[in-house]
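Below: the structure, in structure tokens.
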Amino acid sequence: MATYTLPELPYDYAALEPVINPQIIELHHDKHHAAYVKGANDTLEQLEEARDKEAWGAINGLQKNLAFHLSGHILHSIYWHNMTGDGGGEPLAADGVGDLADAITESFGTFAGFKSQLTKASATTQGSGWGVLAYEPLSGRLIVEQVYDHQGNVGQGSVPILVFDAWEHAFYLQYKNQKVDFIEAMWRVVNWQDVAKRYAAAKERADVLLLAP
């Protein structure tokens with residue numbers, strides 16, 4: 001049976017300083033992300049055992065665990081590539097990301113309006129969760145989602161292209177309880193080239209992602 005693996009970081013632990021210090025990157029990737037990968041693989045094994053034995057007493061918990069760990073693995077895999085030490089600013093046509101910039105304006109009115117919405121959605125997530133910019137294939141527009149844990153409160157079929165991790169393990173060692181300060185700082189390391197590639201890929205696959213009337 002195929003299993004999930006922890007992807008390597010696309011940069012070294014210190015690449016995102018001073019926005020995120022090396023200790024956080026190391027713990028976040030090597031411990032927390034790795035735990036979601038292990039959790040997803042362990043749950044797959046438990047589901048295989050349940051099928052073999054026709055023992056479905058724990059099915060609700062197993063399905064929830066699979067959604068939790070797998071979503072955590074996917075969102076973190078996007079998260080690492082969404083950031084770069086040379087990032088930040090605003091997506092511009094001059095930087096080769098004009099299609100993304102136009103889509104943001106069309107969907108949110110202005111970049112400033114989009115930035116404010118994603119910042120607020122990320123910073124006010126109750127408990128643990130994420131702020132997400134996603135491509136919504138039914139309408140063909142971009143939307144902001146406020147994700148609880150890793151898997152809750154998302155539109156079916158939406159494709160995440162930019163994610164802000166608002167779990168405490170993403171920032172607490174450096175920002176303490178100031179989640180808002182961390183989210184504001186995150187804008188300085190956004191890799192718009194990566195976000196633009198994800199947007200283009202999501203648009204190309206829209207017809208197979210969701211069958212719309």
Side-chain angles (χ1 to χ4, degrees), residues 1-10 24-83 118 121-122 124-139 142-172 179 183 186 194-195 197-199 201-212:
M1 179 183 295
T3 57
Y4 301 104
T5 58
L6 179 68
E8 294 185 4
L9 286 171
I24 289 178
I25 296 295
E26 182 177 5
L27 288 171
H28 196 169
H29 176 268
D30 297 1
K31 301 299 182 182
H32 290 281
H33 188 172
Y36 300 128
V37 173
K38 183 179 185 302
N41 289 327
D42 288 349
T43 306
L44 285 178
E45 291 181 4
Q46 293 164 15
L47 285 165
E48 181 180 20
E49 182 179 356
R51 290 193 301 273
D52 290 342
K53 296 181 178 179
E54 281 291 319
W56 300 112
I59 185 63
N60 287 342
L62 290 174
Q63 294 294 164
K64 182 178 180 180
N65 285 344
L66 182 60
F68 176 84
H69 290 297
L70 181 54
S71 295
H73 173 38
I74 291 169
L75 288 172
H76 279 93
S77 297
I78 297 170
Y79 179 67
W80 305 124
H81 287 274
N82 272 172
M83 298 184 291
L118 183 55
S122 304
T124 61
T125 303
Q126 294 177 332
S128 300
W130 301 71
V132 174
L133 173 66
Y135 177 74
E136 200 287 288
L138 189 60
S139 64
L142 297 173
I143 60 172
V144 165
E145 297 178 325
Q146 189 179 58
V147 181
Y148 294 102
D149 290 334
H150 302 304
Q151 77 280 21
N153 203 33
V154 298
Q156 297 299 315
S158 62
V159 182
I161 63 172
L162 173 62
V163 298
F164 281 7
D165 192 342
W167 284 64
E168 284 191 346
H169 63 239
F171 62 88
Y172 199 84
K179 184 190 296 187
I183 299 302
M186 276 288 300
D194 181 70
V195 179
K197 289 177 182 177
R198 295 179 187 279
Y199 171 62
K203 283 200 305 178
E204 289 175 2
R205 295 163 48 210
D207 60 334
V208 297
L209 288 171
L210 186 65
L211 295 177

Subject >> Under 3.5 Å: donor-acceptor pair, side chain of Trp167, backbone of Asp149 >> reply: yes
Subject >> Which atom of Gln151 lies closest to which atom of Ser71, heavy atoms considered >> reply: CB-OG, 3.4 Å
**OP:** For residues Gly131 and Leu118, report the shortest heavy-atom separation together with the two atoms involved.
**Re:** C-CD1, 3.6 Å
Original post:
Which atom names give the shortest non-hydrogen contact between Ala166 and Phe171, and what distance separates them?
Top reply: O-CE2, 3.8 Å
Original post:
Considering all heavy atoms of both residues, which atom of Tyr4 and which atom of Ala40 are nearest to each other, and what is their separation?
Top reply: CD1-CB, 3.8 Å
Original post:
Do Asn82 side-chain atoms and Ile161 backbone N/O form a donor-acceptor pair below 3.5 Å?
Top reply: yes
Subject >> Given His169, His76, His73, the one that forms side-chain hydrogen bond (donor to acceptor under 3.5 Å, both in side chains) with His33 >> reply: His73
**OP:** Determine whether Leu133 and Tyr199 make a side-chain contact, defined as any pair of heavy atoms from C-beta on separated by less than 4.5 Å.
**Re:** no
Subject >> Minimum-distance pair of heavy atoms, taken over all atoms of Ile143 and Ser158 >> reply: CD1-CB, 4.4 Å
Original post:
Side chains of Leu44 and Leu66: does their closest heavy-atom pair fall under 4.5 Å?
Top reply: yes
**OP:** Drop me the distance from Leu9's CG to His81's NE2, to the nearest 0.5 angstrom.
**Re:** 8.5 Å
Original post:
If you look at every heavy atom in Ala170 and Ile24, which pair is closest and at what distance?
Top reply: O-CG2, 3.4 Å
**OP:** Check the side chains of Asp165 and His28 for a donor-acceptor pair under 3.5 angstrom, ignoring hydrogens and angles.
**Re:** yes
Original post:
Given side chains that start at C-beta, do those of Val132 and Val154 come closer than 4.5 Å, heavy atoms only?
Top reply: no
**OP:** Please check if the side chain of Lys203 supplies one atom and the backbone of Tyr135 the other of a donor-acceptor pair under 3.5 Å.
**Re:** no
Original post:
If you measure only the distance, is there a donor-acceptor pair under 3.5 Å linking the side chains of Thr3 and Glu45?
Top reply: no
Original post:
Hey, are the side chains of Ile59 and Leu47 touching, using non-hydrogen atoms and a 4.5 Å cut-off?
Top reply: yes
Subject >> Tyr36 ring center within less than 6.0 Å of His150 ring center >> reply: yes
Original post:
Okay, side chain of His29, backbone of Pro7: is any donor-acceptor separation there less than 3.5 Å?
Top reply: yes
